[in-house]
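Every value quoted in this text rests on a predicted model; they were computed, and no experiment measured them. Both ligands and their constituent atoms are indexed starting at 1 by order of listing.
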Amino acid sequence: MKKYQLFIDGEFVDPASGQWIDTVDPYRGEAWAQIPRGNAQDVDRAVAAAARAMRQSTWTDMTATARGKLMRRLGDLVAREAERLADIEVRDNGKLKQEMLGQLRYHSEWWWYYGGLADKLEGAVTPIDKPEIFAFTRHEPVGVVGAMTAWNSPLLFVAFKCAPAIAAGCAVVVKPSEFASASTLEFAALTREAGFPPGIFNVVAGYGTEAGSALVEHPDVAKITFTGSDTTGAKIYATAAKTMKRVSLELGGKSPNIVFDDCDLDAAVAGAISGIFAATGQTCIAGSRLLVQNSIREAFTKRLIETAKMARIGDPMDPATNIGPVTTPAQYQKVLDYIEIANSEGARCVLGGGPASGLPGGQFVEPTIFVDVAPKMRIAQEEVFGPVLSVLGFEDEAEAVAIGNDVIYGLAAGVWTRDIGRALRMSKALKAGTVWVNTYRAISYMMPFGGMKYSGLGRENGIEAIREFLETKSVWVSTAVGAPANPFVMR
Ligand code: NAD
C-alpha cells in the first residue's frame with residue numbers, strides 16, 4: 001500500500017506524530033493508501049517554511065513575470081499528469097472518472113490564467129487634493145495563506161485557492177480533506193518539478209480538528225481560504241477572528257433549480273438531472289430543490305422520473321456509470337437519515353428512497369425523488385449532499401423567488417425559461433452568488449464563484465479572486481521643501 005508523506009519546505013517528510021491514516025476507496029470499501037497524520041508541530045514547520053520563503057530573495061527578488069512563468073510551467077505539468085491525478089481522485093473520493101478527468105484537464109487553466117495575471121497587479125497614482133504630495137497605491141501579498149479543501153473536488157479547490165494566492169505573491173500551506181489527500185500530495189511533487197522555491201507550496205495532511213485547526217490558530221498565518229461545510233466554516237471564522245486573519249469561506253448550499261412552463265423541456269429535464277444526480281449529489285452547487293411551475297409540474301416530474309430511472313449505478317471508473325458511491329460511511333448514513341426525515345415529514349417518495357444493493361463497498365444510494373415537499377420541511381431547507389431531490393411547486397415568478405430565497409444558503413440557482421425579461425428579473429431577485437439561465441453546473445476560472453448568506457464569504461475565480469490575497473498599501477511622498485508650518489495639526 002502506498003504510504004504518503006507531508007510536503008514541507010520543498011521536501012517530502014514524515015509527520016511528527018509518526019502516524020498515518022488509511023485512505024479508503026469508496027467503491028470497494030477498502031483502504032488503498034495511507035496519508036500522514038499531520039499535527040500542530042507539522043503545521044508549525046510548514047508555516048515557518050512558508051514565512052521564510054516569502055522573505056527570501058529567491059521570492060522577493062523574483063519578478064512577477066518570472067513568477068507567472070513558474071505558474072504556467074506548473075499548469076503544463078498538471079496537463080501532462082491529468083489522467084494519473086484523476087485516477088487517484090476517483091480512488092479517493094469515488095466520483096466518476098469522467099467528472100474527475102474533466103476537472104483535471106481543466107485544472108491547468110487556473111495556473112495559466114493567474115500566471116498571466118501575476119504581473120498585472122497595478123496600483124494607482126491618486127491625483128490627491130494636497131499639492132505637495134505624490135500619492136500612490138501598491139498591492140502586496142497578504143502573507144502566509146492556510147488553505148483547507150473538501151473531499152469532493154480536491155485538486156480543483158487547490159487551483160481555486162492556490163493559483164490566485166501564489167500569483168499575488170503569497171506562500172501557501174494546504175490542509176486537504178482527510179478523506180481525499182492523495183492527489184494534493186502527488187500535486188506537490190509537480191510544484192517542485194516546476195521550480196517553485198522551497199516553502200512556497202506546502203501540504204500538511206491530517207484531521208481537520210488537529211492539522212486544520214492548528215493552521216487556523218497559527219499567529220503567522222495571515223489568511224484562511226476554506227471550502228467545506230457551513231458548520232466548520234463558522235468555527236473557522238470565529239477562531240480566525242482571534243488573530244485577525246482574513247477569511248474566505250466557500251460553504252454549502254441548497255440551490256433552487258427553477259423551471260417555468262415556457263422552457264425548453266428537454267434541456268430543463270437534463271439540467272434538473274445534472275443538478276442533483278451528477279457527482280452523486282455530492283456537490284456544493286447541487287440543485288437539490290427543483291421548483292416547477294404548477295401548470296407543468298406533474299408532466300415534468302413524470303419525465304424526470306423516467307430519465308432518472310435510466311441512470312446506471314456502479315463503478316466510477318466505468319465510462320457507462322452515471323452514479324457512483326457516496327464517499328464516506330458517515331455521509332452515506334447522513335443521506336439515508338435525510339430520506340427517513342423526508343418520509344416522516346410527509347414528503348412522497350416517487351423514485352428510489354434507499355440503498356442500492358448488489359454493489360461492492362455498500363455505500364450506494366438510489367437516485368431519489370420526493371414530491372409533495374413543502375418549503376419549510378427539513379428536506380427542503382437542509383443540505384443533504386447526496387442524490388436526493390425535492391420537487392416543489394409554484395404559481396408565478398413572485399412565488400418562485402419567495403421559495404427560492406427562503407433558505408439560509410445562497411450559493412447558486414438555475415432558471416429555465418425562454419423569456420429573456422423573466423430570466424433577467426429572476427437573476428436579479430435570487431439571492432445567490434451564481435445564477436445559471438438555461439444551463440446548470442457550469443464553472444470557469446474566469447468567472448467569480450462564491451456564496452451569499454450561509455454559503456460563504458468572498459469570491460474565488462476571475463480577476464476578483466486575487467484581491468482576496470492582497471493588501472493595498474497607500475504611499476504618501478511629500479515633495480514640499482522645509483518643515484510643516486504647524487506640526488500639531490493633521491495635514
Ligand atoms: P468539512 O467542513 O467537514 O471539511 C472541510 C475541510 O475542513 C477538511 O479539510 C477538514 O479536514 C477541515 N476541517 C474540519 N474541521 C476543521 C476545523 N475545526 N478547523 C479547521 N479545518 C477543519 O466539509 P467536507 O465534508 O469535506 O465537504 C462537504 C461540504 O463542503 C459540504 O457542505 C459542501 O457543500 C461544501 N462544499 C462547498 C463548496 C463551495 O465551493 N462552496 C465546494 C465543495 C464543497
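The option with the heavy atom closest to atom 10 (C) of ligand 1, from among K235, E178, M148, is E178. The residue among L249, T232, T227 with a heavy atom at the shortest distance from atom 5 (C) of ligand 1 is T227. When the heavy-atom distances from atom 40 (O) of ligand 1 to F449, F157, Y207 are ranked, the shortest goes to F449. Compare S255, G208, A211 by their heavy atoms: the one nearest to atom 17 (C) of ligand 1 is in G208. Of the listed options A412, G451, C284, C284 places a heavy atom closest to atom 36 (N) of ligand 1.
A salt bridge (charged side-chain N to carboxylate O under 4.0 Å, His left out) check over residues 268-289, counting only residues at least two apart or in different chains, returns nothing.
With 3.5 Å as the limit, one finds no donor-acceptor pair spanning the side chains of S17 and N39. A donor-acceptor contact closer than 3.5 angstrom links the side chains of K245 and T243. The closest side-chain donor-acceptor pair between T227 and K161 falls under 3.5 angstrom. There is no side-chain donor-acceptor pair under 3.5 Å between Q381 and Y409.
Protein heavy atom nearest atom 34 (O) of ligand 1, with residue, atom name and distance: E383 OE2, 2.5 Å. The protein heavy-atom contact nearest to atom 7 (O) of ligand 1 is F226 CE1, 3.0 Å. Protein heavy atom closest to atom 9 (O) of ligand 1, with residue, atom name and distance, is T149 O, 2.8 Å. Closest to atom 35 (C) of ligand 1, if we only count protein heavy atoms, is G228 O, 3.1 Å. Of all protein heavy atoms, the one closest to atom 41 (N) of ligand 1 is L251 O, 2.7 Å.
Note: F187 and F201 have perpendicular aromatic rings, judged against thresholds of 30 and 60 degrees for the angle between ring planes. Using the six-membered ring where Trp is involved, W111 and F196 have ring planes that are perpendicular, over 60° apart on the 30 and 60° scheme.
Any N or O atom pair closer than 3.5 Å counts here, and G212 shares no such pair with ligand 1. On a distance-only criterion, A150 and ligand 1 share no N/O pair closer than 3.5 Å. At a 3.5 angstrom cut-off on N or O pairs, S229 counts as close to ligand 1. Note: an N/O pair closer than 3.5 Å links W151 and ligand 1 by distance alone. The N/O atoms of E460, backbone and side chain alike, include none that comes under 3.5 Å of an N/O atom in ligand 1. In terms of N/O distances under 3.5 Å, ligand 1 is not approached by T209.
A donor-acceptor pair under 3.5 Å is absent between the side-chain atoms of D87 and the main chain of R84, judged by distance alone. Although no hydrogens or angles enter the test, the distance criterion places a donor-acceptor pair under 3.5 Å between the side chain of S181 and the main chain of S177. D92 places a side-chain N or O within donor-acceptor distance of the main-chain N or O of A182, the cut-off being under 3.5 Å. Judged by distance alone, with hydrogens and angles left aside, the side-chain atoms of E468 form a donor-acceptor pair with the main-chain N or O of R459 at under 3.5 Å.
With a heavy-atom cut-off of 4.0 Å, T231 does not touch ligand 1 at all. Neither the backbone nor the side chain of F160 has any atom closer than 4.0 Å to an atom of ligand 1 (non-hydrogen atoms only). Only the side chain of N152 comes within 4.0 Å of ligand 1, counting heavy atoms alone; its backbone N, CA, C and O stay farther away. By the criterion of a heavy-atom distance under 4.0 Å, neither the backbone nor the side chain of T283 is placed next to ligand 1.
Close contacts of ligand 1 with K175, meaning ligand atoms under 4.0 Å from a residue heavy atom, involve 9 (O), 10 (C), 11 (O). Listed by number with element, the atoms of ligand 1 under 4.0 Å from a non-hydrogen atom of F385 are 28 (C), 31 (C), 33 (C), 34 (O). Shown in contact with L411 at under 4.0 Å from a heavy atom are these atoms of ligand 1, numbered in order with element: 41 (N). Within ligand 1, the atoms closer than 4.0 Å to a non-hydrogen atom of G252 are 32 (O), 34 (O), numbered from 1 in the order shown.
In this structure, the ring of Y445 has its center less than 6.0 angstrom from the ring center of Y106.
How far CD of Q103 is from NZ of K95: 5.0 Å, rounded to the nearest 0.5 Å. Taken from CZ in F385 to OH in Y338, the straight-line distance is 12.5 Å, to the nearest 0.5 Å.
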Would you mind writing out the side-chain donor-acceptor pairs for residues 322-330 within the sub-3.5 Å range, not counting sequence neighbours?
unit_1, atom_1, unit_2, atom_2, d
N322, OD1, R312, N, 2.8
T327, OG1, N93, O, 2.7
T327, OG1, Q282, OE1, 3.2
T328, OG1, Q331, N, 3.0

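For P176, the heavy-atom gap to ligand 1 drops under 4.0 angstrom. Within the 4.0 Å heavy-atom cutoff, S177 counts among the residues contacting ligand 1.
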